[in-house]
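Data first, discussion second: the structure below is written as structure tokens.
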Amino acid sequence: MHTLTAKPFRPSGASDLGSLGGATAWLNSPPLTARDLQGKVVLVDFWTYTCINWLRTVPYVRAWAAGYRERGLVVVGVHTPEFTFEEDIDNVRMAVQARGITYPIAIDNNRAIWSGFGNHYWPALYFIDAAGRVCDHHFGEGNYEESESRIRQLLAAAGRDGATDRHSVSIEARGPEVGADWGSLQSPETYLGHHKAENFASPGGATVNRRHVYAVPTRLRLNQWALAGEWTVKSEAAVLNAAGGRIAFRFHARDLHLIMGPSERRGTVGFRVLIDGQPPGAGHGSDVEDSGQGTVTEQRLYQLIRQSEPIADRQFEIEFLDSGVEAFAFTFG
């Protein structure tokens, strides 16, 4: 989602902020309505908590919310889930706390707000003036200076003193929030559930919705992946049925992430990561020790590899030490 082909900007409509009434719950705030936001400059941020593209925008949105709050900016995050487990408000609450988000969050499990805005993307920003009109939008990552400038312009137009005088906000990114190394990124987001899976290379292909013993082929081409051990490939995820199961992926990127979680909500599953057959050492991600050891504790995105240059084709492998893990998608940075 670094480069997006987006539909042309459309005129604002009453259904935009009015659709906030369709939220199924709120975090960090009592329910907000269009009336509550009258006279405010509002930034609406559509997100889903495992989206790597959204995670890399969080430092900016978080900083704008804090830096311009006293000038009259209200940031409203709209959490519209992609995966079924992202509908669980406890999971969203965990993500809000982990990312240090303090601005209001509307839970949009029915996609009422998504539909009200006519949105199609994660992440998506909508810039709303003090009269309640959507004046601009941005889809995907990047364009941060222009987005902050737009916020300042709208605040100045609303008569907020000093809105255009201050320096740009300072950004603090950590773990998967750090911007991608676009120059070396040659691996795409890859889903493991059969509904969207591509480039699956285990011999014989996937056996859908039934237990099956898989193997990793002798050689994987770039961006191919494979399972080893007994798995059930379901619509959204590959589910491990027996200890010792593995996933292998031939990738080319600085960072490798895997969206996964225990299939039992309160369970944990240990794992071991290898890159080209060796522990990652200094190339480990924020959720892995340099020895390659880690633990799946909750349903979220795990950063498993962050390597230094030179970036080349590498073979990643993760082995799970117990059954009961669901793996949803790889993302890269």
Side-chain angles (χ1 to χ4, degrees), residues 50 52 83 180-181 184-263 269-281 283-285 287-288 291-296 301-307 310-333:
T50 63
I52 187 58
F83 296 109
D181 180 1
S184 67
L185 181 52
Q186 298 180 26
S187 291
E189 180 176 29
T190 300
Y191 292 89
L192 307 190
H194 67 77
H195 181 63
K196 294 183 178 180
E198 295 181 328
N199 298 325
F200 182 57
S202 286
T207 300
V208 174
N209 293 327
R210 289 191 290 118
R211 289 173 175 252
H212 185 75
V213 177
Y214 294 93
V216 175
T218 304
R219 181 178 178 274
L220 291 174
R221 295 194 302 272
L222 181 63
N223 297 328
Q224 286 187 326
W225 63 280
L227 300 172
E230 186 182 299
W231 295 79
T232 301
V233 178
K234 297 185 177 181
S235 176
E236 287 191 333
V239 182
L240 180 60
N241 299 314
R246 295 179 290 127
I247 310 174
F249 197 117
R250 186 80 174 169
F251 78 105
H252 190 117
R254 183 194 66 195
D255 302 342
L256 178 147
H257 316 97
L258 180 57
I259 299 171
M260 58 182 173
S263 52
V269 179
F271 63 81
R272 179 172 59 234
V273 162
L274 300 175
I275 187 164
D276 291 340
Q278 300 295 322
H284 69 91
D287 290 301
V288 179
S291 64
Q293 304 292 322
T295 305
V296 180
L301 178 144
Y302 290 77
Q303 186 184 79
L304 303 179
I305 298 294
R306 167 160 286 164
Q307 55 183 328
I311 306 302
D313 293 3
R314 312 289 296 274
Q315 184 133 331
F316 166 86
E317 189 170 293
I318 183 169
E319 179 183 6
F320 297 98
L321 308 182
D322 203 350
S323 60
V325 71
E326 298 175 312
F328 293 84
F330 283 96
T331 61
F332 301 91

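Numbers here are sequence positions counted from 1. Every value quoted in this text rests on a predicted model; they were computed, and no experiment measured them.
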Exercise. Roughly how far, to the nearest 0.5 Å, is the CG atom of D276 from the CD atom of Q278?
Worked result: 8.5 Å
Exercise. So how far is it from R314 CZ to I275 CD1, rounded to the nearest 0.5 Å?
Worked result: 4.0 Å
Exercise. Can you list every salt bridge (charged side-chain N to carboxylate O under 4.0 Å, His left out) pair that touches residues 230-246, not counting sequence neighbours?
Worked result: R211-E230, R246-E317
Problem set entry | Candidate pair S187 and H252, rule side chain to side chain donor-acceptor pair (under 3.5 Å), full reasoning | CA-CA 6 Å; S187 291; H252 190 117; over 6 Å; no
For this session: May I ask you to decide if the ring planes of F200 and W225 are parallel, tilted or perpendicular, using 30° and 60° as cut-offs?
Result: tilted
For this session: Classify the ring geometry between F249 and F332 as parallel (under 30°), tilted (30 to 60°) or perpendicular (over 60°).
Result: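 F249 and F332: tilted rings.
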For the backbone of [Y] and the side chain of [X], can you confirm whether one donor and one acceptor N or O come within less than 3.5 Å of each other?
X	Y	value
Q186	D313	no
S263	G324	yes
D255	R306	no

Problem set entry | Residue pair N241 / S323, side-chain donor-acceptor N/O under 3.5 Å |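 Judged by distance alone, the side chains do not pair up.
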Exercise. Is a side-chain donor-acceptor pair under 3.5 Å present for H195 with S235?
Worked result: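 Per modelled atom types, S235 and H195 side chains form no pair under 3.5 Å.
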Exercise. What pairs with R254 under salt bridge (Lys or Arg N to Asp or Glu O under 4.0 Å), at least two apart in sequence or on another chain?
Worked result: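 Partners of R254 under the salt bridge (Lys or Arg N to Asp or Glu O under 4.0 Å) test: none.
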Problem set entry | Chi angles and distances behind the side chain to side chain contact (heavy atoms under 4.5 Å, CB included) call for L301, L258 | CA-CA 6 Å; L301 178 144; L258 180 57; over 6 Å; no
Exercise. Run the side chain to side chain contact (heavy atoms under 4.5 Å, CB included) check on V233 and T207 step by step: do they pass?
Worked result: CA-CA 7 Å; V233 178; T207 300; over 6 Å; no
